[in-house]
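Remarks on the structure that follows.
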Number of protein chains: 2
Amino acid sequence: MRQPAGFVKSGAAGDNAQARAMTRPKANPFRRKLESLVPLSAAAGDHLEEITTIYDSHPTRANLVPREDMRGGRLVLMEGFACHYRTVAGGRRQIIAYLVPGDSYDLDTALQNRPDHVMMALTPVRIVRLARAAVADATQDHPAIAEGLRVAGQVEEATVREWLVDIGGRPALERIAHLFCELELRLRAVGLAEADRFDMPITQCDLADTVGLSSVHVNRTLQELRRQRLITLSGRTLTILNRSTFQAMAGFRPDYLRLRETI
Amino acid sequence: MRQPAGFVKSGAAGDNAQARAMTRPKANPFRRKLESLVPLSAAAGDHLEEITTIYDSHPTRANLVPREDMRGGRLVLMEGFACHYRTVAGGRRQIIAYLVPGDSYDLDTALQNRPDHVMMALTPVRIVRLARAAVADATQDHPAIAEGLRVAGQVEEATVREWLVDIGGRPALERIAHLFCELELRLRAVGLAEADRFDMPITQCDLADTVGLSSVHVNRTLQELRRQRLITLSGRTLTILNRSTFQAMAGFRPDYLRLRETI
DNA sequence: CGCTAACTTGACCCGTTTCAACTTTCGTGG
DNA sequence: CCACGAAAGTTGAAACGGGTCAAGTTAGCG
């Protein structure tokens, strides 16, 4: 498999309708994300949509947030996948966090990281850059938005701890399964997963750098997950075949994501 | 080796003077901790000392913060080591963070963790419980204190990410070495390490649960570190024999601790 | 002065890595 | 539109790091 098509092409006519439904959220993902964490008034939700209409596109592997501008601002991912990683002496790379549509992060805290911390697009992405003032306005006008962003930050922290536990001592099968459980819920929260099926454009190398395994072993583990009929993975579409069994096997408990409804 | 002596005995007469100097900070560790992160006025420093005079003691393995009281308060560790861990199905345990003297954490965020998140004393400890009002007063009277606590929180987050990178893909020797480098700097910052030597009361089982190895392998790795003359470890006293070599071997770079002077 | 927690050691086993070749997929340029 | 090239995925064989089990030894504390 190869890297996903760019937006120009995928936006063109002739697309498979189902694929579009799965990758194109019906509502603004930033709004949906915060709504998944805290109750939002219609006015607050509308406000979020208004400030996230102007975005720019970047291709796979683009380095997001290299510049010093936008101090105090916030980056919002509207479409595509990105990741936050750190390089280690020896050429290794550790992915620390994924960003999926609706996720955002503070540019100030990003800028005080070491230069070996990088934010990179894993697929073609669309991002909105909110200026400090825009964030300040939104949070002052709508306390629920401030609360939502605070909770989102706490979830981020909790997620890193969860990954630490996962990588610290679970065998390969459970590690990867746990990651898939998390992605499924996060994507479902913003309307990008239905019927336990979602678009998973992450390469096996990226997965390896996430869970601390070699890409060869990730490949074999994915085959094992398929062999045991726990998932299907054709093309870029991942389906979890029996959610409760799968979650139990992975030792996954969704509490740390703080979703208001976990379905 | 056995678990460390309780405070009653260690405070009694007949102690080795050097050992006392190493385990008894000259100044208030909470003050020193925040001073190591941000400049503090004398008034702010004195204020910190004033609010941390009343503490209570707990023995090794005591579960800290079980109660629902103290909402909005803050727990400050004044003496001894503690850790934050999570248990996993299968009996495994993953230590997520260490607390050394001067470290503190917010009881609100602690209380919204799952019940399988535990804060436990690794040695006999003395802790101060600051009520919400005490924290609010201190941060309002002295903005530098608020800033210091904010930075301390950011350092905590950065430390978890650092551990993730460490555990994600470094061999045993470097994993443990990296942890020792971090502990040395954190203890030095509060005056509990001198000449690259410090009191390391963490058992090999605890180390194992921290770095994601078996205790047997931790034991062998420690022997290997000694054999290579990188450290000495007699009783509970750890000495790093050649700091710059050791840090380089461990891939350790102290930036993430945000210490004002790294020496 | 014995009990118990912590540490140590040896042998064997298994999960995972490494290396290297090969196949498939897909984007691009001719 | 096809062919080429590069990125992604797949496979096998061999080596190794680390795990497990089980039996010790040491060292503090009561």
Side-chain angles (χ1 to χ4, degrees), chain A residues 1-10 12 14 19 59-61 81 90-92 120-124 167-176 200-227 233-238, chain B residues 1-10 12 14-16 19 59-61 81 90-92 120-124 167-176 200-227 233-238:
Chain A
M1 282 142 214
R2 196 65 197 299
Q3 60 188 67
F7 285 114
V8 176
K9 183 169 179 207
S10 83
T60 302
R61 275 187 197 64
F81 278 41
R92 229 187 56 84
M120 193 188 76
L122 290 170
T123 69
I167 292 180
R170 280 203 263 245
L173 206 76
E174 293 161 41
R175 274 191 220 188
I176 293 181
M200 219 278 298
I202 303 170
T203 68
Q204 295 181 1
C205 286
D206 293 334
L207 284 178
D209 290 340
T210 305
V211 295
L213 296 169
S214 68
S215 65
V216 171
H217 200 59
V218 165
N219 182 289
R220 289 179 174 134
T221 305
L222 290 176
Q223 291 179 50
E224 180 63 17
L225 285 170
R226 281 185 281 218
R227 203 191 58 72
L233 179 55
S234 69
R236 243 175 273 106
T237 300
L238 180 85
Chain B
M1 283 143 220
R2 197 65 196 300
Q3 61 189 65
F7 285 113
V8 177
K9 181 166 180 209
S10 82
D15 264 1
N16 168 329
T60 303
R61 273 188 197 66
F81 279 41
R92 229 186 56 84
M120 191 188 78
L122 291 170
T123 69
I167 292 180
R170 280 203 264 245
L173 206 73
E174 294 161 42
R175 271 190 222 189
I176 293 182
M200 218 278 299
I202 304 170
T203 68
Q204 295 181 3
C205 285
D206 294 333
L207 284 177
D209 290 340
T210 306
V211 296
L213 296 169
S214 68
S215 64
V216 171
H217 201 60
V218 165
N219 182 289
R220 289 178 173 134
T221 305
L222 289 176
Q223 291 179 51
E224 179 63 17
L225 285 170
R226 283 186 281 219
R227 203 192 59 71
L233 181 55
S234 69
R236 245 175 273 106
T237 301
L238 181 85

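Note that the structure is predicted; figures quoted are calculated from it, not measured.
- Checked by atom type and distance alone, the side chain of A:S215 never pairs as donor or acceptor with a backbone atom of A:Q204 at under 3.5 Å.
- Relative to the side chain of A:Q204, the nucleotides C:dT16, D:dG9, C:dT8 differ in distance, and D:dG9 lies closest.
- Residue B:G169 is out of contact with every strand shown, counting any heavy-atom pair closer than 4.0 Å.
- Following rounding to the nearest Å, A:H217 (NE2) and D:dG18 (C1') show an atom-to-atom distance of 13 Å.
- As a whole-Å value, the separation of B:R236 CZ from C:dA6 C1' is 11 Å.
- In this structure, B:I167 places its CD1 atom 15 Å from C1' of D:dG18, rounding to the nearest Å.
- We find the CZ-CD1 distance between B:R170 and B:I176 to be 13.0 Å, quoted to the nearest 0.5 Å.
- What separates CZ of A:R92 from C1' of C:dT17 is a distance of 13 Å, to the nearest Å.
- Distance A:L213 CG to D:dG9 P: 15 Å, rounded to the nearest Å.
- Residue contacts shown for A:R226 are limited to sugar-phosphate atoms, with no base heavy atom under 4.0 Å away.
- Note that CG of A:L122 is 10.5 Å distant from CE of A:M200, once rounded to the nearest 0.5 Å.
- The side chain of B:P171 approaches D:dG18 more closely than any other nucleotide in the set C:dA5, D:dG18, C:dC7.
- As rounded to whole Å, 15 Å separates atom C1' of D:dA7 from atom CG of A:L122.
- What separates CG of A:L173 from C1' of C:dT16 is a distance of 14 Å, to the nearest Å.
- Between B:R175 and B:V211, the shortest heavy-atom distance links the atoms NH1-O, 2.7 Å.
- Rounding to the nearest 0.5 Å places OG1 of B:T221 at 12.0 Å from CZ of B:R227.
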Could you write out each protein N or O paired with an N or O of nucleotides 11-15 of chain D at a distance under 3.5 Å?
unit_1	atom_1	unit_2	atom_2	d
D:dT11	OP2	A:Q223	OE1	2.6
D:dT11	OP2	A:Q223	NE2	2.9
D:dG12	N7	A:R220	NH2	2.4
D:dG12	O6	A:R220	NH2	3.4

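- Residues B:P124 and B:T60 approach most closely at CD-OG1, 3.2 Å, considering heavy atoms.
- The CZ-C1' distance, from B:R175 to D:dG18, rounds to 9 Å in whole Å.
- Here B:S214 lies in heavy-atom contact (under 4.0 Å) with a base.
- Shown here for A:F81 and A:T123, the closest heavy-atom pair between the two residues is N-OG1, 2.9 Å.
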